[in-house]
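First comes the structure, then the notes that go with it.
Throughout, protein chains are lettered first and strands after them, A, B, ... in sequence-line order, and every chain is numbered starting at 1.
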Number of protein chains: 2
Amino acid sequence: MELTERKKRILRAIVETYIATAEPVGSKAVAELAGLDVSTATIRNEMADLTELGLLEQPHTSAGRIPSAAGYRLYVNELMDRQQLTIQETQRINEALNLKMEELDRVIDRAGKVLSQLSDYPVFTVAAAKQRVTVKRFDLLMVEENAFIAVVMTDNSVVKNKLIHLPDQLSDTQLQLLSAVLNTSFVGLSREEMEEALDKMETHTAPGAFELISLVVEFAIEVLDDQGRQKFRTAGITHLLEHPEYRSLDKAKPLMNYLSEENETSRLPMNLNNGKSMNILIGPENVNDALKDTSVVMASYDIGDNMKGIIGVVGPTRMDYAKVTARLSYFADSLTRMFGKELPSGEQEDKEES
Amino acid sequence: MELTERKKRILRAIVETYIATAEPVGSKAVAELAGLDVSTATIRNEMADLTELGLLEQPHTSAGRIPSAAGYRLYVNELMDRQQLTIQETQRINEALNLKMEELDRVIDRAGKVLSQLSDYPVFTVAAAKQRVTVKRFDLLMVEENAFIAVVMTDNSVVKNKLIHLPDQLSDTQLQLLSAVLNTSFVGLSREEMEEALDKMETHTAPGAFELISLVVEFAIEVLDDQGRQKFRTAGITHLLEHPEYRSLDKAKPLMNYLSEENETSRLPMNLNNGKSMNILIGPENVNDALKDTSVVMASYDIGDNMKGIIGVVGPTRMDYAKVTARLSYFADSLTRMFGKELPSGEQEDKEES
DNA sequence: CTTTAGCACTCACATTCCCTGAGTGCTAAA
DNA sequence: TTTAGCACTCAGGGAATGTGAGTGCTAAAG
């Protein structure tokens, strides 16, 4: 059986009205909406064909049709209009993002929140660091005779610091010596290499000096760890409850739990999209069980040259794909542009020990 | 009418079984559970009295009784047992908190999550800074000839930094000069005073130098702002859905929205508890409308000498007060102890400009 | 005076049954 | 190939009914 132009128009009408109403679409509604001058009987025949092709489904014999996963897939691939954002929306987005002086994480968080509000779906964000981060330089600042600030700068231009308290007093010259050791022996090393270098150093260094060195190096390792970590965040989870498919709590609960869990690695299955900058996973196309009845639309963006981020929208398979993709791609573009002009920046920590 | 010992025992039995079952409690159940050797008829008489005293309520004439807000209040004030934590629980809590080297925010977040899991209710946390924070010292570190790191340390021992890019080149001596100006003119000032000082300086300083100064001072102002901000966070909101009173989405949605909104100021109505370290607000005792059918149990803890934090549990009025208060007070004590031995620490930022 | 047994009464909730209407597939004519 | 007509299906809504847990009251017993 062939997929005629008319069948496509009918499919499109069904997908779009189902997206809008969340109720099975009957032949009468299609006859009115598809703009075809044929009777409902003809539509019925066509709909029967589309069902046979696996593009539509019937919840029960005497109900209208709803799109199948394959139907949605065809819709997003061929039939969907590219939507335009309103001026208000672009303004809203720009306002939310263009607040200068914000740290990276906060910008991403804010982006997630606004996107969630604009789309009425939950949004997740992932910021994936580059694989191998190294320390570019160490600086030590004396605060009191028994405390100093360690400043670590990484090769992706992130600077973090920590207030370190010491058991004994320390002189200025000792501090300079320490700084020299750190900057000669631990710069340019990855996390693992640092640990190795530290181990080696232990044997042929005075215990007191070694303790001092390891305090700072351990902090540097933490910094690198933190850089390497994927940061998964979500926003607007409660939007799920607005959609009829999650009115029953049995449906809503697992998904909400999945989204609010913080087991970061389990989310990775939404693999870094293969090349394309926008990726749509419809229902069963998702690997993870919790997402089987759910669609995920995600876009990637660049954070400077080294990092990559993903921002995605989660919703029922009956998702307003046209609306979501339009907003999402605008966000991804804006974020890329934004992190492109300035260098990447990340938050930093300070700690304290005794 | 007098509140006899027997009435109290009956009230207690009703509160506790209602907490466990979420269903109105009838005279028969009380007769069995309260451990009184009287008939159901006697219990009925007593229950009628308790209703008249405003301690119990009847959803409809032919149903059992449920505790009123006043009933819960009496229960938590007089009747409730102080619960003991199991060894596993204390271990779990200690593990979650004793991860060293974590930054303040992350420890608090983690505490919220674990408490939420242990109590099966949503948890919120607030970290309130001390009122007036000032900068204790500035440090500037040259990175390249057109970029340096500004390090700001506040009087509550928080250190933050930012990578600042410049339009033109800058010499080492210029940087030292800048550092001297900052450390003489802007140390010890509050946020407002800093802005003032900066304004004054503008008139009698060379434009180029002023621009440089204001770059750093503006960063310092941000830091102080961030310190002053109350940080409101929530964890485990989805736990709400496990409790029958929120099975209807009309009930759950407003509360979930309220908790996940980030309008931080609107939450303040839960005023810094008046002296006592643990505070329980039952149903209508809450000022905020979204919480009228909800109970809030909160405890405060100290973050070093200057800051104060609140950690609280939100749930239906039918909340397991005994369980929650036990765990909550353990958390608050642990947090106080934890932030007590080390000095307070907060996360910090780095930014970048061109 | 307190407690208890007995009894009639109330009312939410579940079950059943029926009806309605939207929507279908099929057939036969255009 | 399209259309009109028709019998059929089935989910959802509403009314009717039954059930049972629980109550308040009364009168007798302790």
| said: Please determine whether side chain to side chain contact (heavy atoms under 4.5 Å, CB included) holds for the pair A:V313 and A:F124, giving the CA-CA distance in whole Å, both sets of side-chain angles, and the decisive distance to 0.1 Å. | reply: CA-CA 6 Å; A:V313 176; A:F124 68 87; over 6 Å; no
| field | A:E245 and A:K251 ion-paired at < 4.0 Å | value | no
Spacing between [X] atom [atom1] and [N] atom [atom2], to the nearest angstrom:
X: A:M47; N: D:dT3; atom1: CE; atom2: P; answer: 16 Å
X: A:L36; N: D:dT1; atom1: CG; atom2: C1'; answer: 15 Å
X: B:K28; N: C:dG6; atom1: NZ; atom2: P; answer: 15 Å
X: B:L50; N: D:dT23; atom1: CG; atom2: C1'; answer: 15 Å
X: A:Q58; N: C:dG25; atom1: CD; atom2: C1'; answer: 10 Å
X: A:E2; N: D:dT1; atom1: CD; atom2: P; answer: 12 Å
X: B:L56; N: D:dG24; atom1: CG; atom2: P; answer: 11 Å
X: B:E57; N: D:dT23; atom1: CD; atom2: C1'; answer: 17 Å

| task | Take A:V76 and A:V297 through the test side chain to side chain contact (heavy atoms under 4.5 Å, CB included) and record every step on the way to the result. | result | CA-CA 11 Å; A:V76 301; A:V297 184; over 6 Å; no
| task | Would you name the heavy atoms of A:S295 and A:I282 that are closest together and state the gap between them? | result | OG-CA, 3.4 Å
| query | Dot-bracket for DNA chain C, 5' to 3', with Watson-Crick and G-U pairs under 3.5 Å, [ ] for crossing pairs and | for other-strand pairs: what is it? | reply | ||||||||||||||||||||||||||||||
Set out, line by line, the N/O atom pairs under 3.5 Å between protein and nucleotides 9-13 of chain C.
from, atom 1, to, atom 2, distance (Å)
C:dT10, O3', B:T61, OG1, 3.4
C:dT10, O2, B:S62, OG, 3.1
C:dC11, OP1, B:T61, OG1, 3.2
C:dC11, O4', B:S62, OG, 3.0
C:dC11, O2, B:S62, OG, 3.3

| message | Which residue is it: B:V314, B:V123, B:T294? I am looking for the one with a side-chain contact (heavy atoms from CB on, under 4.5 Å) to B:L259. | response | B:V314
| query | Would a distance-only check, ignoring hydrogens and angles, find a side-chain to backbone donor-acceptor pair under 3.5 Å from A:T238 to B:M256? | reply | no
| task | Check whether any side-chain N or O of B:T42 sits under 3.5 Å from a backbone N or O of B:V38 as a donor-acceptor pair, and report yes or no. | result | no
| In terms of heavy-atom contacts, does CG of A:N45 have more than 12 from other residues, nucleotides or ligands at under 6.0 Å? | yes
| request: Classify the angle between the aromatic ring planes of A:Y72 and A:Y18 as parallel (below 30°), tilted (30 to 60°) or perpendicular (above 60°). | output: tilted
| query | What is the ring orientation for A:Y121 with A:H243, classed by angle as parallel under 30°, tilted 30 to 60°, or perpendicular over 60°? | reply | parallel
| request: Give every residue pair that meets the salt bridge (charged side-chain N to carboxylate O under 4.0 Å, His left out) criterion with at least one member in residues 48-76 of chain A, sequence neighbours excluded. | output: A:K7-A:D49, A:R73-A:E285
| Close approaches to DNA chain D from residues 16-24 of chain B, in residue order (heavy atom, under 4.0 Å) | none
Expected list for residues 80-87 of chain A: side-chain donor-acceptor pairs under 3.5 angstrom, two or more places apart:
from, atom 1, to, atom 2, distance (Å)
A:D81, OD2, A:R12, NH2, 3.1
A:Q83, OE1, A:R327, NH1, 3.4
A:T86, OG1, A:E89, N, 3.2
A:T86, OG1, A:E89, OE1, 3.4

Any protein N or O atoms within reach of nucleotides 2-5 of chain C? Criterion: under 3.5 Å, listing atom names and distances.
from, atom 1, to, atom 2, distance (Å)
C:dT3, OP1, B:R6, NH1, 3.1
C:dT3, OP2, B:R6, NH2, 3.0
C:dT4, OP2, B:S39, N, 3.0
C:dT4, OP2, B:T42, OG1, 2.5

| said: Determine whether B:Y321 and B:I280 satisfy the following criterion, side chain to side chain contact (heavy atoms under 4.5 Å, CB included), listing intermediate values before the conclusion. | reply: CA-CA 9 Å; B:Y321 296 99; B:I280 304 184; 4.0 Å; yes
